[in-house]
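Below is one structure, written out as structure tokens, with a few remarks after it.
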Amino acid sequence: MDIHMTYNARGRQAGLAKSVLLLGAVFLVTAIAALVVSHLLTSVFERKQEARSPGVRVAKLDEISVDPQPWGLNWPHHYDGWKATAGDKFYGGSSAMPESKLDAQPWLRRLYAGYAFSIDYREARGHAYMLYDQGVTERVTQKPQAGACLHCHGSTNVLYRKVGLEAMGLPADDAALAEDFNMPAVIRGFQELSQRPYQEVLAMLYAVPDGTPDDSEPVFPTPPPGGFTEEFAGKALPEEHALEGDAHPVTCIDCHNPDTMALRVTRPGLVLGMQALAEGDAPVPHLPGVEAWRRGDREQPYDVNADSSRQEMRSMVCAQCHVEYYCAAGDTLEFPWSQGLRMENLETHWASKSFPDGSDFLDYRHGETGAPIFKAQHPEFELWSQGIHARSGVSCADCHMPYETRGATKMSSHNVQSPMQSVNTSCQTCHNVAEAELRERVYRIQETTVTLTERAGAAMTEMLDAILEAQAAGATDTELAPVLELQRKAMWRLDYISSENSRGFHADQEAARILGESMDYSRQAQAAALRLRAGSAPATDDLPREPVEGVTPR
């Protein structure tokens, strides 16, 4: 009996112990689960807060915050991306300059004969180098250039605004500049400075406030005054010459409102160009904001900042500079969009334009033949407008500044570069195709365009030879006039595609069509020039001709 009772007591104690252990285990698991859930909910809340507030305002910004460093304190990831356009580090100096296109494609020297591009023309580099490379190119150091060149290569809106406010008789001190953007003043200053000498406008750009008066070092080095030869327009710099202050390439304030960070257009060339485009009747289905404005009452001029959608703005901020335009001292800088955005539309605009003195518009006279020539700049926006991506609603930023995530923050990459450097985020978000195949597609398009460009360059070279021979044979100006018109058409088309930086990818069929027309016009001009050189062609009526013998001749 005692033994049996002792056994039962021990059993009850063992069961109680197991119950306590089980209860403790349940409590521990519950506590751990509660901690995990609590951490997860906290993490989700924090990520949502991060997504709502991607930047922390630790630096005050205003309308003279040209220096990007204070912006970088608020938005460090964007700032790091912007700096990355210089690569691993900023390389300056003649030994680090990119390859000369004139050496890689010798026919370019003849295309640009008589124009400064025949002296120095190099491969493009990232945004970090925009101002530096312009300051050291021999096009600026050896030949006179207009201040309009700084419309895109420098961060100029504060300078334009200051000069514009002064011309309008309004306050233009630092406080007034910091307070308000004032687009009418920006446009007025742009018009005042566009035709002034490059070196004069550059000195003014250095002198305007950049928002960091105590910081003497810009993020990227500025070009040495007068480039590597210490010259401006072929003349040695005065000994006392100095550029006081800081100047910057494209920075945050050129594309963003400092109060709201909303995208905005600051370049007057695009503002006026888009007004001219909207007021015309050329179809622009890829720009629904323009189409909507045309259907409205049109009481106010088209305003790219007010009438464009956010998706359109992701292309417009790029179109401020990646376009065709006139940029010289004969007139104010101008985007030729009054007739539309196709190559022929731009050509028609230039052909109908006159300079203020009444003379016919031209960019330069060809140094070999004397033909009046239109010089294409870099019509990326115009060619993109003819392509499938534009028609599909894909913006420039979707490919060149693809979305990326940093923590919980979704942001556009500010390391603006070729989509081939970010195929996964630039291309595969839409194209469910292997990366290797996408690269092959791009390569084939660009290879075809380059091949056609070289053939068009060869046709142009033979055309020029034939025209020179006709001139040497005594052909008159009257006889040569239609030949030189064909030359202008051929060279405009060749320059249009060879200067456009996508190598045809933005609209491959359009690029091939334009190059085909270039070759055709070159051959027409060549044939006409050869007739002038050789005199009248002999009659061919008496030459024997074989009669028809059927499908299979004997």
Side-chain angles (χ1 to χ4, degrees), residues 59-75 79 82 127-128 130-132 134-135 146-220 222-223 243-272 304-305 317 320-321 332-333:
K60 183 180 182 300
L61 303 173
D62 53 37
E63 290 292 355
I64 60 172
S65 297
V66 178
D67 190 327
Q69 293 190 56
W71 296 70
L73 297 175
N74 295 341
W75 296 281
Y79 180 59
W82 175 81
H127 284 169
M130 291 171 59
L131 185 59
Y132 186 95
Q134 185 180 63
C149 297
L150 288 162
H151 176 270
C152 290
H153 283 264
S155 187
T156 53
N157 79 68
V158 175
L159 171 61
Y160 287 156
R161 198 150 27 94
K162 180 177 177 63
V163 172
L165 289 170
E166 291 171 345
M168 296 161 72
L170 299 173
D173 56 13
D174 289 4
L177 291 172
E179 182 179 357
D180 182 34
F181 182 69
N182 195 330
M183 179 59 81
V186 175
I187 294 175
R188 177 64 182 275
F190 155 76
Q191 294 168 336
E192 292 282 333
L193 296 179
S194 194
Q195 297 176 63
R196 293 195 197 179
Y198 177 87
Q199 56 268 35
E200 177 185 335
V201 179
L202 181 64
M204 297 173 69
L205 181 63
Y206 271 81
V208 295
D210 70 349
T212 54
D214 298 328
D215 180 14
S216 60
E217 290 294 330
V219 180
F220 300 123
T222 50
L243 295 173
E244 298 182 359
D246 288 337
H248 303 270
V250 60
T251 64
C252 315
I253 202 170
D254 294 298
C255 301
H256 290 282
N257 183 311
D259 288 331
T260 66
M261 282 298 290
L263 291 173
R264 72 176 180 187
V265 168
T266 59
R267 297 293 196 269
L270 181 68
V271 172
L272 300 175
V304 64
N305 284 311
V317 291
Q320 295 184 99
C321 297
T332 302
L333 183 146

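Computed from a prediction, not measured in an experiment: that's the story for all the values here.
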task = Only counting residues at least two apart or in another chain, list the ones meeting salt bridge (charged side-chain N to carboxylate O under 4.0 Å, His left out) with R161.
result = none
request  = Give a yes or no on whether a salt bridge exists between E63 and R264, defined as a side-chain N under 4.0 angstrom from a carboxylate O.
outcome  = yes
request  = To the nearest 0.5 Å, tell me how far T156 OG1 sits from M204 CE.
outcome  = 11.5 Å
inquiry  = Ignoring hydrogens, what is the shortest heavy-atom contact between V66 and P209? Give both atom names and the distance.
reply    = CG2-O, 4.3 Å
Min side-chain heavy-atom separation L263-N305 under 4.5 Å = no
R267 versus G154, closest heavy-atom pair with distance = NH2-O, 3.0 Å
task = Just grab all the side chain to side chain donor-acceptor pair (under 3.5 Å) pairs involving residues 171-186, residues at least two apart or on different chains.
result = none
message = For Q320 versus C255, what's the shortest heavy-atom pair and its separation?
response = NE2-SG, 4.0 Å
ask   = Could you give the distance from CG (L270) to NE2 (H151), rounded to the nearest 0.5 Å?
value = 8.0 Å
query = Does the side chain of D67 reach to within under 4.5 Å of the side chain of P218, using non-hydrogen atoms?
reply = no
remark   = Value for CG (L205) from OG (S155), rounded to nearest 0.5 Å, stands at 7.5 Å
task = Decide yes or no for P249 and H127: does some side-chain heavy atom of the first lie under 4.5 Å from some side-chain heavy atom of the second?
result = no
message = Has S65 got a side-chain atom pairing as donor or acceptor with D62's backbone, closer than 3.5 angstrom?
response = yes
Sequence neighbours excluded - ring pair (Phe, Tyr, Trp, His ring centres under 6.0 Å) pairs with any residue from residues 153-178 = Y160-F190
request  = For the pair T212 (side chain) and D214 (backbone), establish whether a donor and an acceptor sit closer than 3.5 Å, ignoring hydrogens and angles.
outcome  = no
task = Write down the atom of C152, the atom of M130, and the distance for their closest heavy-atom approach.
result = O-CE, 2.9 Å
message = For a 4.5 angstrom cut-off between non-hydrogen side-chain atoms, does N74 reach L61?
response = yes
inquiry  = Nearest 0.5 Å, please: how far is CD in E192 from NZ in K162?
reply    = 14.0 Å
message = With a 3.5 Å distance limit and no angle check, can you tell me whether W71 reaches the backbone of I253 through a side-chain donor-acceptor pair?
response = no
query = Taking all non-hydrogen atoms of both residues, which atom of P223 and which atom of Y206 are closest, and how far apart?
reply = CD-OH, 4.0 Å
Nearest-0.5 Å distance, CH2 of residue W82 to CZ of residue F220 = 4.5 Å
message = Using side-chain heavy atoms (C-beta onward) and a distance below 4.5 Å, is C252 in contact with Y79?
response = no
request  = Rounded to the nearest 0.5 Å, what's the gap from CG on L333 to CG on L193? Could you check?
outcome  = 12.0 Å
message = So Q134 and L150, do their side chains get closer than 4.5 Å, heavy atoms only?
response = yes
request  = Compare all side-chain heavy atoms of V186 with those of T266 and state whether any distance is below 4.5 angstrom.
outcome  = no
key: Minimum heavy-atom distance A172-L165, with the two atoms named   = CB-CB, 3.8 Å
Any side-chain heavy-atom pair of D210 and H248 under 4.5 Å = yes
Residues N157, D254; criterion side-chain contact (heavy atoms from CB on, under 4.5 Å); working and verdict = CA-CA 7 Å; N157 79 68; D254 294 298; 3.9 Å; yes
